[in-house]
Amino acid sequence: MGKVTSAITAVGSYVPDFVMTNKILETLVETNDEWITTRTGIKERRILKGEGLGTSYLAIKAAEQLLDKRKLDPKEIDMVIVATATPDMMVAATAAYVASEIGATNAFAYDLQAACSSFLYGMSTASSYIESGRYKKVLLIGADKMSSIIDYTDRTTCIIFGDGAGAALFEPNEEGLGLQDEYLRSDGVGRNFLKMDAGGSLLPASEETVKNRQHFIYQDGKSVFKFAVTNMADSAAKIMERNNLSHSDVDWLVPHQANKRIIDATSNRMGLDDSKVMMNIQRYGNTTSATLPLLLSDYESRLKKGDNLVFAAFGGGFTWGSIYLKWAYNS
Ligand code: UT7
């Protein structure tokens with residue numbers, strides 16, 4: 001028997017119904033459709049409306065779509081990981097609630113937080129459990145209700161982010177398909193540039209923090225942009241080089257959807273034609289942990305068994321990296 005690899009064997013996704021267009025944002029802050037489109041590539045994003053609905057709502061919907069499509073009994077799932085920067089609550093793991101709600105009663109579950117790289121890192125975690133032989137079915141969900149931490153009076157952030165969720169099932173593969181290689185990095189210098197100041201142990205919530213709007217995301221966009229462009233492109237190039245992949249060997253780039261200009265810089269560096277670059281930023285904006293699985297779900301019908309996929313992401317922390325994965329099924 002050859003080495004057991006970890007493959008994605010099913011995907012699912014969910015975005016809420018409410019469409020927040022650039023036109024709507026024009027009524028909230030001093031901005032315009034032309035600026036947003038040319039600087040970011042975003043035309044609209046989805047927002048979860050309704051009292052009492054948190055990130056778990058999005059995650060459950062995405063997982064249920066996957067289970068339905070795959071006709072999978074949730075009791076077969078060994079483990080559920082929810083990659084998220086916006087958990088339902090600070091302490092109780094969102095993943096534990098999600099696992100119970102979808103009927104994954106034989107699974108254990110926890111959250112994984114690495115800002116916009118959460119899903120990428122989660123792919124590494126899920127795959128390690130599968131490759132070790134310890135578990136057979138790991139459900140990785142990337143979900144974020146970014147609207148819960150966005151200040152809709154701050155035009156530098158509110159135009160970028162949206163809500164959504166995507167799910168992927170990881171299972172053992174004996175044909176050598178699935179995760180081939182990873183290059184994952186982090187640098188704590190980044191926490192000054194992209195953060196939510198209050199509500200954690202460093203600065204607990206108080207009247208003061210609410211008054212100072214410190215429970216919203218803050219981003220020094222220009223600095224983050226520079227780090228993101230360099231590191232996303234570098235890590236994608238590195239994974240290609242390490243695996244002797246030329247641009248013609250790569251079938252798809254699966255890039256984090258933060259800014260179309262960052263995606264273009266990464267694909268240019270890799271020498272890839274636009275037709276090989278997955279992109280849905282125009283419809284969803286930056287959904288943080290959900291961007292990568294939302295792309296897989298949107299492009300699933302075009303993916304073929306054996307296709308070479310290069311994932312790349314960059315996020316707060318800073319966290320970033322790239323993964324090389326061979327697609328394992330025809331849908
Ligand atoms: O996913 C996690 C990682 N995050 C990222 O990768 C995001 C990285 N950063 C970015 O994508 C970009 O930096 C932004 C989209 C956030 C901003 O684009 P930019 O081209 O870097 O713009 P800027 O911050 O340099 O601002 C340029 C101008 C400024 O005006 P002045 O100083 O030139 O007069 C801003 O005040 O654009 C102004 N501006 C806006 N104008 C209209 C900033 N936001 C807006 C806005 N509408 N929404």
Side-chain angles (χ1 to χ4, degrees), residues 20-45 83-86 113-122 142-147 149-164 166 184-196 216-236 254-267 269 279-282 284-295 311-322:
M20 170 88 87
T21 59
N22 290 349
K23 282 273 165 238
I24 297 176
L25 285 168
E26 283 179 10
T27 68
L28 302 178
V29 289
E30 184 69 40
T31 191
N32 58 77
D33 175 48
E34 205 258 329
W35 192 95
I36 301 173
T37 307
T38 52
R39 298 289 178 125
T40 69
I42 303 167
K43 296 300 272 185
E44 57 190 45
R45 58 297 283 143
T84 186
T86 53
Q113 209 279 71
C116 290
S117 304
S118 301
F119 192 85
L120 189 83
Y121 283 15
D144 268 306
K145 183 183 171 186
M146 292 307 292
S147 60
I149 55 169
I150 293 299
D151 179 354
Y152 285 95
T153 66
D154 176 5
R155 70 175 181 175
T156 67
T157 51
C158 73
I159 55 138
I160 297 169
F161 294 97
D163 302 338
L184 305 176
R185 288 291 177 271
S186 62
D187 185 345
V189 71
R191 81 171 179 172
N192 298 316
F193 302 108
L194 178 48
K195 59 183 174 175
M196 190 170 87
F216 294 120
I217 208 166
Y218 159 83
Q219 173 170 251
D220 170 352
K222 239 188 197 4
S223 303
V224 177
F225 187 90
K226 279 187 206 147
F227 278 100
V229 162
T230 311
N231 288 308
M232 241 171 88
D234 279 358
S235 50
V254 193
H256 173 53
Q257 308 283 292
N259 187 314
K260 184 175 184 299
R261 290 183 290 145
I262 299 174
I263 298 168
D264 290 344
T266 305
S267 60
R269 176 80 179 278
M279 185 114 65
N280 55 18
I281 191 170
Q282 64 282 6
Y284 306 139
N286 182 350
T287 54
T288 302
S289 312
T291 58
L292 301 182
L294 271 173
L295 286 171
F311 294 74
F314 184 89
F318 291 132
T319 55
W320 72 92
S322 186

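All ligand and atom numbering here is 1-based and tracks the order in the structure. Since this is a predicted model, take the numbers as computed values, not measurements.
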Short list, please: which atoms of ligand 1 are under 4.0 Å from a heavy atom of [X]?
X	answer
Asn286	1 (O), 2 (C)
Ala258	1 (O), 5 (C), 6 (O)
Arg39	19 (P), 20 (O), 22 (O), 27 (C)
Thr40	15 (C)
Asn259	10 (C), 11 (O), 12 (C), 15 (C)
Arg261	18 (O), 19 (P), 20 (O)

For ligand 1, indicate whether the residue [X] contacts it via side chain, backbone, both or neither (heavy-atom separation under 4.0 Å).
X	result
Phe225	both
Ile160	side chain
Ile262	side chain

Do you know the tightest heavy-atom contact between [X] and [Y]?
X	Y	result
Ala83	Phe119	CB-N, 3.9 Å
Ile263	Met279	CD1-SD, 3.7 Å
Ala290	Gly164	CB-O, 3.4 Å
Gly315	Cys116	CA-CB, 3.6 Å
Ala115	Ala85	CA-CB, 4.3 Å
Ile160	Ala258	CG2-O, 4.2 Å

- Query: Less than 3.5 Å between some nitrogen or oxygen of Thr31 and one of ligand 1, yes or no?
  - Reply: yes
- Does Gly221 reach ligand 1 with a nitrogen or oxygen that is under 3.5 Å from one of the ligand's nitrogen or oxygen atoms? yes
- Message: Checking side-chain contact (heavy atoms from CB on, under 4.5 Å) between Asn286 and each of Asn259, Thr291, Thr40, Ile281, which is the one that passes?
- Response: Thr291
For [atom], closest protein heavy-atom neighbour:
atom	value
atom 44 (N) of ligand 1	Trp35 CH2, 3.4 Å
atom 36 (O) of ligand 1	Arg155 NH2, 2.9 Å
atom 2 (C) of ligand 1	Cys116 SG, 3.2 Å

Quick check on [atom] - does any protein heavy atom sit closer than 4.0 Å to it?
atom	answer
atom 4 (N) of ligand 1	yes
atom 13 (O) of ligand 1	yes
atom 34 (O) of ligand 1	no
atom 8 (C) of ligand 1	yes
atom 30 (O) of ligand 1	no

- Any donor-acceptor N/O pair, Thr319 side chain to Ala114 backbone, under 3.5 Å: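 It does hold such a pair.
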- Have Thr84 and Asp144 got a donor and an acceptor in their side chains that come within less than 3.5 Å?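 Asp144 and Thr84 do have a side-chain donor-acceptor pair below 3.5 Å.
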- Query: What's the spacing between Tyr284 OH and Leu294 CG if we round to 0.5 Å?
  - Reply: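 Result: 6.0 Å between the selected atoms.
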Quiz: residues 20-29 side-chain donor-acceptor pairs under 3.5 angstrom, not counting sequence neighbours:
unit_1: Thr21; atom_1: OG1; unit_2: Lys23; atom_2: N; d: 3.4
unit_1: Thr21; atom_1: OG1; unit_2: Ile24; atom_2: N; d: 3.1
unit_1: Asn22; atom_1: OD1; unit_2: Arg45; atom_2: NH1; d: 2.9
unit_1: Asn22; atom_1: OD1; unit_2: Arg45; atom_2: NH2; d: 2.8
unit_1: Asn22; atom_1: ND2; unit_2: Asp33; atom_2: OD1; d: 2.8
unit_1: Asn22; atom_1: ND2; unit_2: Ile42; atom_2: O; d: 2.9
unit_1: Glu26; atom_1: OE2; unit_2: Asp33; atom_2: N; d: 2.8
unit_1: Thr27; atom_1: OG1; unit_2: Ile24; atom_2: O; d: 2.5

- When the ring planes of Phe227 and Phe318 are compared, do they come out parallel, tilted or perpendicular, using 30° and 60° as the limits? tilted
- Filtering Gln219, Glu26, Lys222 for the heavy atom nearest atom 23 (P) of ligand 1 leaves Lys222
